[in-house]
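One structure is given below, encoded as structure tokens.
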Amino acid sequence: MIQTNICVLGAGPGGVAASLQLAKLGISSVVVDKAIFPRDKICGDALSGKVPYVFNRIDKEIFKNFTSREDIKYNCWGIEFIYSDRKIQLDYKPGVKEENLVFEEPIGFISKRRDFDNYLVDYIKKEPLIDLKEGIQITAFEKNETGYILSSSDKSTQIQAKLVIVADGAQSKFARQIGKIEKDSKHYGGSVRAYYKNVSGGDYFNRIELHFLDNLEPGYLWVFPSTNNQTNVGIFMRTDLLKERKINLKKEMIRILKEEEPFKERFKNAELIGNIEGFGLPLGSKKRVISGDHFMLIGDAASLIDPLTGEGIGNAAVSGRIAALHAAEALKANNFSAKFLSKYDKMIYDKLWRELKVSAFLQNSYKHKWLSNLLKGLGNNKQFVSVLLSIFSDVDLKKKLLSPVFYYKLIFNKE
Ligand SMILES: Cc1cc2nc3c(=O)[nH]c(=O)nc-3n(C[C@H](O)[C@H](O)[C@H](O)COP(=O)(O)OP(=O)(O)OC[C@H]3O[C@@H](n4cnc5c(N)ncnc54)[C@H](O)[C@@H]3O)c2cc1C
């Protein structure tokens with residue numbers, strides 16, 4: 001039996017952020033993952049500005065080295081929101097000054113999760129305070145006086161931990177069984193993703209494209225340029241609407257790429273690499289209880305994905321870091337009670353709820369055509385464009401969307 005104060009269940013971006021932050025505080029942990037890295041994770045592979053922002057707070061070396069890894073990442077200098085009748089394009093050339101912001105660095109990256117997660121896992125492999133156990137699937141959780149015993153199905157691995165940081169993603173058994181997190185189709189996303197070769201279009205900016213097609217709204221079809229001349233393509237939609245509209249995402253994606261413009265032309269010589277694969281997105285559009293006696297849920301296990309953009313890597317890292325900071329307090333106080341750990345919930349929602357709420361509001365605005373038309377019509381408005389960009393790059397700017405003054409300035413074009 002392995003004895004540890006803290007076990008991190010899952011070595012995705014959330015689990016890595018948590019274990020690395022613990023190590024920076026001088027605290028050891030056991031990290032267990034069912035996969036042997038490198039492994040794929042079905043994802044759009046887009047890393048917004050939030051991801052380097054959080055990892056920089058843990059260790060500046062991580063992204064300093066990542067930015068020089070041309071083999072595993074693609075720089076992104078622009079975003080395109082495409083509606084049936086108009087396009088909002090946000091492009092920033094390096095060094096161009098816009099609204100007092102100088103964009104010396106790309107607004108984001110595309111990195112295949114097989115590469116990105118492996119890059120992060122290499123960091124925890126080098127860290128003496130982290131004991132990584134790969135290729136071990138945890139299937140049972142038994143509570144005792146000390147905390148939890150996590151076991152593999154044949155019980156060949158058993159880990160006794162005072163505190164479990166649960167980072168095992170969207171299908172977390174722990175979150176469902178112990179955390180009582182229920183799947184709610186209004187707050188859950190369905191998606192498919194595929195890699196293609198030989199897709200035409202694209203230019204200097206390496207824009208990520210979000211296509212808001214009528215039958216998919218408030219979801220979208222994405223086309224993201226990727227490494228090795230490949231393109232990551234997928235659809236993200238709320239599960240209740242998928243059922244209501246009886247959409248089979250895989251068939252729908254194949255149909256759109258084959259029949260609808262501009263895809264028809266751009267994909268006419270494209271070759272599908274591998275399969276079109278589906279996966280779920282637990283959305284952060286409602287608050288949940290995300291801790292309890294001897295555990296804290298992070299990332300997808302805590303349902304923290306942005307309901308508008310489908311972005312979850314940044315929030316997985318944010319929650320991993322906060323869980324580690326609070327775990328340090330719990331260790332100091334030798335208190336792993338639900339009451340003590342509930343402060344983690346407060347810390348998470350103090351940090352993330354405002355932006356999750358804005359995204360949920362915008363996601364729901366599809367029902368009110370007047371609002372989405374207003375938003376679409378603002379494509380040339382500099383303030384609006386800077387805020388749209390902020391949704392993907394700068395976290396604090398997004399808070400502007402909550403201010404009535406912002407809408408006043410926006411609508412009446414006042415400075
Ligand atoms: C199709 C799709 C597209 C997306 N696109 C984007 C995007 O472009 N940008 C973005 O920011 N987010 C995107 N997301 C969301 C993003 O993928 C997740 O929010 C993110 O991966 C969450 O990180 P995590 O660390 O919480 O969990 P994960 O990354 O899912 O990691 C969980 C880890 O736990 C391990 N694990 C699971 N079960 C067990 C077990 N029983 N025992 C041991 N180990 C276990 C897994 O092997 C895995 O390594 C997308 C999601 C989907 C489905």
Quiz item: Do NZ/NE/NH1/NH2 and the carboxylate oxygens of E209 and R266 come within less than 4.0 Å?
Solution: yes
Quiz prompt | Side-chain donor or acceptor of S172 paired with backbone N/O of G169 under 3.5 Å | solution = no
Quiz item: Hey, does L210 have a side-chain heavy atom less than 4.5 Å from the side chain of E80?
Solution: no
Practice problem: Please report the shortest heavy-atom distance between L283 and R288, naming the atom on each side. | Solution: O-NH1, 2.7 Å
Quiz item: Under a 4.5 Å cut-off applied to non-hydrogen side-chain atoms, are I348 and I290 in contact?
Solution: yes
Quiz prompt | Pairs involving residues 175-195, ordered by first then second residue, that meet ring pair (Phe, Tyr, Trp, His ring centres under 6.0 Å) (sequence neighbours left out) | solution = none
Quiz item: At what distance, to the nearest 0.5 angstrom, does CD of E244 lie from CZ of R238?
Solution: 8.5 Å
Quiz prompt | Axial cation check for Y349 ring with K346, 6.0 Å and 45° limits | solution = no
Quiz item: Can you say whether the rings of F63 and F109 are parallel (under 30°), tilted (30 to 60°) or perpendicular (over 60°)?
Solution: tilted
Quiz item: Should R255 and M253 count as side-chain neighbours, where that means a heavy-atom distance under 4.5 Å?
Solution: no
Quiz prompt | Aromatic contact, F66 with F116 (centres under 6.0 Å) | solution = yes
Exercise. Please collect all ring pair (Phe, Tyr, Trp, His ring centres under 6.0 Å) contacts where either partner lies in residues 247-274, sequence neighbours excluded, each pair once.
Key: Y196-F267, H211-F263
What donor-acceptor contacts under 3.5 angstrom involve side-chain atoms of residues 30-38, with partners at least two apart or in another chain?
from: D33; atom 1: OD1; to: A35; atom 2: N; distance (Å): 2.8
from: D33; atom 1: OD2; to: A11; atom 2: N; distance (Å): 2.6

Exercise. Could you go through the side-chain contact (heavy atoms from CB on, under 4.5 Å) check for Y123 and E61 one step at a time?
Key: CA-CA 10 Å; Y123 267 87; E61 282 298 301; 4.2 Å; yes
Quiz item: What ring pair (Phe, Tyr, Trp, His ring centres under 6.0 Å) pairs are there with at least one residue in residues 230-262, not counting sequence neighbours?
Solution: Y220-F236
Quiz item: Under 6.0 Å from the CG atom of D71, do we count more than 12 heavy atoms belonging to anything else shown?
Solution: yes
Quiz item: Looking at side-chain heavy atoms only, is the closest gap between T231 and P225 below 4.5 Å?
Solution: no
Quiz item: Within the side chain of Y344, is there an N or O that forms a donor-acceptor pair under 3.5 Å with the backbone of G292?
Solution: no
Quiz item: Counting only N and O atoms by type, is there a donor-acceptor contact under 3.5 Å from the side chain of T157 to the main-chain atoms of S152?
Solution: no
Quiz item: For Q230, does its backbone N or O pair with a side-chain atom of N228 as donor and acceptor, under 3.5 Å?
Solution: no
Exercise. Identify the heavy atoms of T227 and I72 that sit nearest to each other, and give their distance.
Key: CG2-C, 3.8 Å
Exercise. Looking only at non-hydrogen atoms, find the nearest pair between F224 and A46 and report the distance.
Key: CE1-CB, 3.7 Å
Exercise. Hey, could you give me the CG/CG distance between L213 and L221, rounded to the nearest 0.5 Å?
Key: 6.0 Å
Exercise. With side-chain contact (heavy atoms from CB on, under 4.5 Å) as the test, would you mind laying out the steps for C7 and L150 before giving the verdict?
Key: CA-CA 9 Å; C7 176; L150 308 187; 3.6 Å; yes
Quiz item: Which heavy atom in F212 sits nearest to a heavy atom in P218, and how many Å separate them?
Solution: CE2-O, 4.2 Å
Quiz item: Which atom names give the shortest non-hydrogen contact between Y119 and I62, and what distance separates them?
Solution: OH-O, 2.7 Å
Quiz item: Are the side chain of D117 and the backbone of G12 linked by a donor-acceptor contact shorter than 3.5 Å?
Solution: no
Quiz item: Which value, rounded to the nearest 0.5 Å, describes the distance between I42 atom CD1 and D40 atom CG?
Solution: 6.5 Å
Quiz item: Is there any salt bridge (charged side-chain N to carboxylate O under 4.0 Å, His left out) pair reaching into residues 165-187, and which pairs are they, with sequence neighbours excluded?
Solution: D184-K286
Quiz prompt | Residues E252 and N215: side-chain donor-acceptor under 3.5 angstrom | solution = yes
Exercise. Report yes or no: does S28 contribute a side-chain atom to a donor-acceptor pair with the main-chain N or O of L129 at less than 3.5 Å?
Key: no
Exercise. Indicate yes or no for a side-chain donor-acceptor contact from K73 to the backbone of T67 under 3.5 Å, with no hydrogens or angles considered.
Key: yes
Practice problem: Could you tell me the separation between the CG atom of L9 and the CD1 atom of I138, rounded to the nearest 0.5 Å? | Solution: 6.5 Å
Quiz item: Are the side chains of K133 and I136 in touch, meaning some heavy atoms are under 4.5 Å apart?
Solution: yes
Exercise. Measure across S303 and I181 and return the closest heavy-atom pair with its distance rounded to 0.1 Å.
Key: OG-CG2, 4.0 Å
Quiz item: Counting heavy atoms not belonging to K126, are there more than 12 under 6.0 Å from its NZ?
Solution: yes
Taking only distance into account, with no hydrogens and no angle test, what donor-acceptor pairs under 3.5 Å do side-chain atoms of residues 319-331 form with protein atoms, sequence neighbours excluded?
from: S319; atom 1: OG; to: G299; atom 2: N; distance (Å): 2.9
from: S319; atom 1: OG; to: N315; atom 2: O; distance (Å): 2.8
from: S319; atom 1: OG; to: A316; atom 2: O; distance (Å): 3.0
from: R321; atom 1: NE; to: Q21; atom 2: OE1; distance (Å): 3.1
from: H326; atom 1: NE2; to: F340; atom 2: O; distance (Å): 3.0

Practice problem: Flag the pair Y148 / F141 as yes when their ring centroid distance falls below 6.0 Å, and as no otherwise. | Solution: no
Quiz item: Looking only at atom types and distance, does a side-chain atom of S191 sit under 3.5 Å from a main-chain N or O of F279, one as donor and one as acceptor?
Solution: yes
Quiz item: With side chains defined as the heavy atoms from C-beta onward, is the minimum distance between I58 and K24 less than 4.5 Å?
Solution: yes
Quiz item: Say you draw a straight line from CZ of R113 to CG of L47; how long is it, rounded to the nearest 0.5 Å?
Solution: 8.0 Å
Quiz prompt | Check: N56 side chain, P52 main-chain N or O, donor-acceptor pair, under 3.5 Å | solution = yes
Quiz item: So how far is it from L22 CG to L163 CG, rounded to the nearest 0.5 Å?
Solution: 8.5 Å
Practice problem: Could you tell me whether R245 and E217 have a side-chain N and a carboxylate O separated by less than 4.0 Å? | Solution: no
Quiz item: Hey, mind stepping through V192 and E277 against side-chain contact (heavy atoms from CB on, under 4.5 Å) and telling me if it holds?
Solution: CA-CA 5 Å; V192 284; E277 302 199 73; over 6 Å; no
Quiz prompt | Verdict with reasoning, S185 to K243, per side-chain contact (heavy atoms from CB on, under 4.5 Å) | solution = CA-CA 9 Å; S185 63; K243 285 185 195 150; 4.1 Å; yes
Quiz item: Do N232 and D45 get their side chains close enough for a donor-acceptor pair, meaning under 3.5 Å?
Solution: yes
Practice problem: Take K50 and E355 through the test salt bridge (charged side-chain N to carboxylate O under 4.0 Å, His left out) and record every step on the way to the result. | Solution: CA-CA 12 Å; K50 191 186 262 187; E355 56 174 282; 2.9 Å; yes
